[in-house]
Participant: 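Let me begin by handing over the structure; questions about it come next.
Just so you know, these numbers come straight off a predicted model, no measurement behind them.
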Amino acid sequence: MDETVTTIHVTKALSSSRIVEMIEQYPNLEEITCSPSIYKRISRTYIDALDQLDITVKTKYNWGAESKSNGIEFYVLKLSDEGLSAKQISQKLDISLNRVYYLLRKANAKFDNRQRKHDHEKVNQLKKDGYTAKEISQTLNIPIRTVYYILNRK
């Protein structure tokens with residue numbers, strides 16, 4: 001019995017037994033929220049009965065879980081800008097390597113003006129000048145995999 005709760009969100013259609021349980025569990029209940037698809041499945045009789053008890057039933061979208069990042073994106077970006085690799089960031093912040101890649105990808109989508117680790121224009125210019133990927137890699141002292149990534153990026 002929780003007397004402080006006045007609003008609850010339900011994820012299943014209401015039945016008479018479910019309504020009685022909620023009223024017993026939450027004596028000060030004033031509002032029940034649910035998604036529009038569930039609201040359509042609730043009997044009009046139940047809605048009227050709850051209205052007589054001064055309990056309103058409303059539709060509300062309650063999609064997805066709350067973000068659990070706790071602002072870690074900032075630290076991932078900061079460490080990335082300092083030149084740390086994804087693996088080093090993962091170890092330093094004690095988060096999975098996949099999480100680091102996800103946060104960096106998410107940040108790049110948000111902030112396209114972020115400073116890049118390698119000069120993409122220089123790589124593309126060297127390719128136009130006739131250099132091979134291996135020669136570009138050696139000239140700029142960057143991994144050949146990175147060269148291919150930059151050249152194949154649309």
Participant: Which atom names give the shortest non-hydrogen contact between Val57 and Cys34, and what distance separates them?
Facilitator: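 For Val57 versus Cys34, the nearest heavy atoms are CG1-SG, 4.5 Å.
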
Participant: Please check if any side-chain donor atom of Asp129 sits under 3.5 Å from a side-chain acceptor atom of Gln125, or the reverse.
Facilitator: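 On atom types as modelled, these side chains qualify, holding a pair under 3.5 Å.
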
Participant: Does atom CZ of Arg145 have more than 12 heavy-atom neighbours from other groups under 6.0 Å away?
Facilitator: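 Count not over threshold, so no.
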
Participant: On a heavy-atom basis, which atom in Leu151 and which in Lys127 lie closest, and how many Å separate them?
Facilitator: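 That closest heavy-atom pairing would be CD2-CB, 3.7 Å.
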
Participant: Compare all side-chain heavy atoms of Val76 with those of Ile95 and state whether any distance is below 4.5 angstrom.
Facilitator: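 The answer is yes, as the side chains (C-beta and beyond) meet within the 4.5 Å cut-off.
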
Participant: Go through the structure and list residues passing side chain to side chain contact (heavy atoms under 4.5 Å, CB included) with Tyr149, not counting sequence neighbours.
Facilitator: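 Counting only residues at least two positions away or on another chain, Tyr149 forms a side chain to side chain contact (heavy atoms under 4.5 Å, CB included) with Arg153.
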
Participant: Answer whether the closest heavy-atom distance between the side chains of Asn124 and Glu121 falls below 4.5 Å.
Facilitator: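 No, every pair of side-chain atoms sits at 4.5 Å or beyond.
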
Participant: Do Ile136 and Ile150 come within less than 4.5 Å of each other through their side chains, counting heavy atoms only?
Facilitator: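 A side-chain contact is absent here, since even the closest heavy-atom pair is not under 4.5 Å.
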
Participant: Kindly give the heavy-atom pair with the smallest separation between Glu135 and Thr139, and that separation in Å.
Facilitator: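 Nearest pair, atom of Glu135 first, then Thr139: O-OG1, 2.6 Å.
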
Participant: Got Val10 and Met22 here, is their nearest side-chain heavy-atom distance under 4.5 Å?
Facilitator: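 Yes. Closest side-chain heavy atoms under 4.5 Å.
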
Participant: Evaluate the side-chain proximity of Leu140 to Asp119: yes if any heavy-atom separation is below 4.5 Å, no if none is.
Facilitator: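 Not in contact.
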
Participant: Mind jotting down which residue pairs meet the side chain to side chain donor-acceptor pair (under 3.5 Å) criterion with at least one end in residues 17-27? Sequence neighbours excluded, please.
Facilitator: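 Sorted pair list: Ser15-Ser17.
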
Participant: Suppose we screen for side chain to side chain contact (heavy atoms under 4.5 Å, CB included). Which residues come up paired with Glu31, at least two apart in sequence or across chains?
Facilitator: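 Listed in chain order: Thr7, Thr33, Thr56, Lys58.
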
Participant: Minimum heavy-atom separation for Ile142 and Ser137, please, with both atom names.
Facilitator: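 Reported closest heavy-atom pair: O-OG, 2.5 Å.
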
Participant: If you compare all heavy atoms of Tyr101 against all heavy atoms of Ala86, which two are closest, and at what distance to 0.1 Å?
Facilitator: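 Closest approach of Tyr101 to Ala86: CE2-CB, 3.5 Å.
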
